[in-house]
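A quick write-up on the structure given underneath.
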Amino acid sequence: MVFPRLARSSLRNSLTGELRSKFVPQLGSSSGGSRSAYYTLVRSAVIADARHPSMVRELSAFKFEARGISIFPQVRSPATERLEENSELESENDDLPGLGPTKPGEKPRVVVLGTGWAGCCFLKGLDTKMYDIVCISPRNHMVFTPLLASTCVGTLEFRSVAEPVSRIQSALSGEPNSYFYLANCIGLDTVKHEVYCQVVPGADKSNENYQFKVAYDKLVIAAGSEPLTFNIEGVKEHALFLREVNHAQEIRKKLLLNLMLCENPGISEEEKKRLLHCVVVGGGPTGVEFSGELSDFIISDVSKRYTHVKDYIHVTLIEANEILSSFDVSLRQYATKHLSKSGVHLVRGVVKEVLPKEIILSDGTRVPYGLLVWSTGVGPSQFIKSLDLPKSPGGRIGVNEWLRVPSADDVFSLGDCAGFIEQTKRPVLPALAQVAERQGKYLAKLFTRIGEQNGGKAYCCTKMVSFGDPFEYKHLGSMASVGRYKALVDLRQNKDGRGISMAGFLSWFIWRSAYLTSVVSWRNRFYVAVNWATTFVFGRDNSRIG
């Protein structure tokens with residue numbers, strides 16, 4: 001039994017071992033041009049196998065000699081049952097509204113999934129004279145994550161770290177065939193060149209399950225990552241993460257709520273200590289910078305504005321190994337001493353379980369908390385795991401030296417969700433903003449090169465286009481603030497390499513200058529500069545709104 005490229009990837013997965021060895025090679029050689037002539041007949045035969053066995057005997061007399069197709073089986077098999085289910089799913093996808101394939105004479109359509117660092121840097125550099133753009137994401141802005149910790153305690157306003165995607169790429173709001181869709185991608189078909197989406201939940205419950213599809217000529221997957229919980233029980237239910245603006249808003253609300261609750265009469269001493277115990281799990285740059293911001297907030301603002309409870313608030317940073325493990329040894333030691341001097345209690349341990357009011361460590365120690373921030377790194381999201389695409393070590397989407405998914409026509413991936421496949425003999429790059437930024441800029445230039453060679457349309461990329469130089473990454477160094485006008489700057493290219501490393505006030509000035517110039521737009525640079533000046537003169541805002 002041979003079927004045309006009817007959801008070919010699904011067919012390969014559903015065939016039994018014997019059928020796979022006989023027919024998958026023939027499937028792989030089928031071409032899109034002649035597929036439509038017999039698509040309907042073969043599909044009818046699949047369903048007929050389930051409903052009218054006699055029809056199968058009639059259809060078995062047909063032979064498609066030009067394609068090497070033999071007869072259909074007369075016995076219903078599990079593979080046939082699964083194929084029927086896939087056919088029904090395809091029928092549902094065929095009925096979805098959305099954007100169809102581009103027509104001759106129209107610009108090629110590039111679909112971008114995600115509005116993180118990688119996706120937005122790609123959008124910003126893409127030549128809109130060559131391509132139409134469709135961006136699909138559950139948020140309509142990019143987050144400047146290095147400064148996100150500052151928004152939790154009022155050093156910066158939330159809008160200072162969020163840049164609307166329509167400002168990054170004006171074509172999304174001005175060009176007639178370019179769009180931004182506020183939705184989640186729930187699947188893709190690399191054979192049909194389609195992505196399937198579902199709108200994000202909103203106030204109108206009637207539209208929560210609304211789905212649509214978008215056909216693409218080129219697909220760029222920059223869907224980011226999600227926090228690693230290591231399957232520790234209770235983390236998702238009780239901990240707060242620090243990846244999005246709404247995460248920072250939740251942390252700020254929780255922190256200020258606990259401060260004000262503790263001033264109410266009738267609260268026991270023990271309960272005050274628990275409510276005002278802020279625990280940070282994870283000693284990477286995000287965890288250290290948030291701990292430093294918290295210590296600043298306690299020393300500079302809580303001591304003046306919450307004098308009744310100022311002696312109860314404490315910060316604990318829990319790390320399984322050493323904090324800032326990628327930094328130079330001398331810088332790690334400096335950070336440890338400075339945080340301890342600022343009142344941050346450093347604990348080396350592994351979290352075993354998270355309960356509503358306390359953490360249980362692997363050695364049995366119980367740590368009560370009122371605010372728990374989880375910052376232990378990131379990994380592939382469930383959406384990335386669900387895609388039937390090759391994976392790199394660690395579960396990211398596997399790409400080659402040009403950030404292209406080698407097994408899928410016209411599909412590229414970059415940022416935290418992508419990693420080099422083993423055949424490239426390159427290490428998987430860390431999930432850093434500078435990696436994502438340079439990948440986005442590189443891919444935008446690559447698409448310009450593809451467009452100049454008339455390779456923008458679907459199925460034109462693999463054989464007709466010269467990609468040029470592959471992507472090369474050179475690490476420029478790392479920076480982290482530790483609070484109280486102190487920071488670390490490590491300009492080594494790798495952990496074992498040599499280079500400049502410094503700590504102190506000058507490093508803090510370099511840290512602030514570097515991030516201020518890296519903010520996406522002049523609008524947000526102005527916001528950040530004004531916020532820093534306002535905080536320096538008047539202190540942090542402690543209003544709890546919402």
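No hydrogens, no waters, no symmetry mates; every other heavy atom, side chains included, goes into these values.
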Using the ring of each side chain (for Trp, its six-membered ring), is Phe471 parallel, tilted or perpendicular to Tyr473, with breaks at 30° and 60°?
parallel
Please report the C-alpha distance between Arg396 and Ile384 in whole Å, then the side-chain angles of each, then the deciding distance to 0.1 Å, and finally whether the side-chain contact (heavy atoms from CB on, under 4.5 Å) criterion is met.
CA-CA 7 Å; Arg396 302 183 186 183; Ile384 298 300; 5.6 Å; no
Between Ser342 and His338, is there a donor-acceptor pair closer than 3.5 Å when you use the side chain of the first and the backbone of the second?
yes
Note, Val399 side chain near Ile421 side chain (heavy atom, < 4.5 Å)
no
Is the distance between the ring centroids of Tyr196 and Phe212 under 6.0 Å?
no
Could you check whether Glu250 pairs with Lys253 (Lys NZ or Arg NE/NH1/NH2 to Asp/Glu carboxylate O, under 4.0 Å)?
no
Will you find, in the side chains of His141 and Thr115, an N or O donor that is under 3.5 Å from an N or O acceptor?
no
Asp541 vs Arg252, salt bridge (charged side-chain N to carboxylate O under 4.0 Å, His left out): CA-CA, chis, key distance, verdict:
CA-CA 11 Å; Asp541 177 53; Arg252 178 175 171 80; 3.3 Å; yes
Is it the case that the side chain of Thr517 and the backbone of Ala514 share a donor-acceptor pair, with hydrogens and angles ignored and the cut-off at 3.5 Å?
yes
Carefully, step by step, assess Ser507 and Leu488 under the rule side-chain contact (heavy atoms from CB on, under 4.5 Å).
CA-CA 6 Å; Ser507 298; Leu488 314 176; 5.9 Å; no
Say you draw a straight line from CG of Leu188 to CG of Asp388; how long is it, rounded to the nearest 0.5 Å?
9.0 Å
Check this for me: does any side-chain nitrogen of one of Arg139 and Glu244 sit under 4.0 Å from a carboxylate oxygen of the other?
yes
To the nearest 0.5 Å, what is the distance between CG on Asn258 and SG on Cys278?
7.5 Å
Short question: side chain of Asp296, backbone of Gly483 - any donor-acceptor pair under 3.5 Å?
no
For Lys254, does the NZ atom sit with more than 12 other heavy atoms under 6.0 Å from it, leaving out its own atoms?
no
Please determine whether the number of non-hydrogen atoms from other residues, nucleotides or ligands lying under 6.0 Å from atom NZ of Lys236 exceeds 12.
no
4.5 Å side-chain heavy-atom contact, Glu293 and Thr155
yes
With a 4.5 Å heavy-atom cut-off, do Gln249 and Thr151 have their side chains touching?
no
Tell me if the CD atom of Glu422 is crowded by more than 12 foreign heavy atoms within 6.0 Å.
no
Whether Lys391 side chain and Leu387 backbone form a donor-acceptor pair below 3.5 Å:
yes
Let's go through Phe122 and Phe447 carefully: what are the C-alpha distance in whole Å and the side-chain angles of both, what is the deciding distance for side-chain contact (heavy atoms from CB on, under 4.5 Å) to 0.1 Å, and is it a yes or a no?
CA-CA 10 Å; Phe122 171 75; Phe447 271 51; 3.9 Å; yes
Would you sort out whether Phe412 and Asn400 count as a side-chain contact (heavy atoms from CB on, under 4.5 Å), showing the intermediate values?
CA-CA 9 Å; Phe412 299 79; Asn400 61 16; over 6 Å; no
Minimum heavy-atom separation for Arg525 to Val519, with atom names?
NE-O, 3.0 Å
Flag side-chain contact, heavy atom, 4.5 Å: Leu355 against His238
no
Within 45 degrees of the axis of the six-membered ring of Phe297 and under 6.0 Å from its centre: does Arg540 put its NZ or CZ there?
no
Do Gln211 and Ile186 have side-chain heavy atoms sitting under 4.5 Å apart?
yes
Does a donor on one side chain sit under 3.5 Å from an acceptor on the other, for Ser478 and Arg492?
no
Can any side-chain N or O of Asp490 pair as donor or acceptor with the backbone N or O of Asp328 at less than 3.5 Å?
yes
A cation-pi test, strictly: NZ or CZ of Arg332 under 6.0 Å from the centre of the six-membered ring of Phe327 and no more than 45 degrees from its axis. Yes or no?
no
What orientation do Trp117 and Phe144 show, parallel under 30°, tilted 30 to 60°, or perpendicular over 60°?
tilted
Using modelled atom types and a 3.5 Å cut-off, is there a donor and acceptor pairing between side-chain atoms of Asn524 and backbone atoms of Ser160?
yes
Note, Trp374 side chain near Val280 side chain (heavy atom, < 4.5 Å):
no
Is the number of heavy atoms from other residues, nucleotides or ligands within 6.0 Å of CG (Asp363) greater than 12?
yes
In sequence, state the C-alpha distance, the side-chain angles, and the governing distance for Trp511 and Ser513, and then conclude on side-chain hydrogen bond (donor to acceptor under 3.5 Å, both in side chains).
CA-CA 6 Å; Trp511 173 82; Ser513 301; over 6 Å; no
Taking atom OG of Ser300 and atom CZ of Arg305, what is their separation to the nearest 0.5 Å?
9.5 Å
Glu163 and Ser521: side-chain hydrogen bond (donor to acceptor under 3.5 Å, both in side chains), yes or no, with the steps?
CA-CA 8 Å; Glu163 182 72 18; Ser521 68; 2.8 Å; yes
Thr229 side chain near Ile232 side chain, heavy-atom distance below 4.5 Å
no
Between the side chain of Trp508 and the main-chain N/O of Arg484, is any donor-acceptor distance below 3.5 Å?
no
Roughly how far, to the nearest 0.5 Å, is the CG atom of Leu371 from the CG atom of Leu257?
10.5 Å
In sequence, state the C-alpha distance, the side-chain angles, and the governing distance for Tyr306 and Asn542, and then conclude on side-chain hydrogen bond (donor to acceptor under 3.5 Å, both in side chains).
CA-CA 10 Å; Tyr306 298 93; Asn542 65 339; 3.3 Å; yes
Please round to the nearest 0.5 Å and tell me the distance separating atom CG of Leu275 and atom NZ of Lys357.
8.0 Å
Do Tyr210 and Gln198 come close enough that some side-chain heavy atom pair is under 4.5 Å?
no
Atom CD1 of Ile299 and atom NZ of Lys304: how far apart are they, to the nearest 0.5 Å?
11.5 Å
Any Lys/Arg nitrogen of Glu358 or Arg274 sitting under 4.0 Å from an Asp/Glu carboxylate oxygen of the other?
no
Glu233 side-chain N/O to Val354 backbone N/O, donor-acceptor pair under 3.5 Å:
no
Is the backbone N or O of Glu319 less than 3.5 Å from a side-chain atom of Arg348, with the two atoms forming a donor-acceptor pair by type?
no
Any carboxylate oxygen within less than 4.0 angstrom of a Lys/Arg side-chain nitrogen, looking at Arg426 and Glu472?
yes
Side-chain donor-acceptor pair present, Glu289, Ser481, cut-off under 3.5 Å:
no
Heavy atoms of other groups near Asn246 CG, more than 12 under 6.0 Å
yes
Is the distance between the ring centroids of Phe526 and Trp522 less than 6.0 Å?
no
Neighbour count above 12 (heavy atom, 6.0 Å) for Glu237 CD:
yes
Whether the side chain of Ser173 engages the backbone of Ser170 through a donor-acceptor N/O pair (distance < 3.5 Å, no angle test) should be reported.
yes
Is a side-chain donor-acceptor pair under 3.5 Å present for Tyr312 with Glu269?
yes
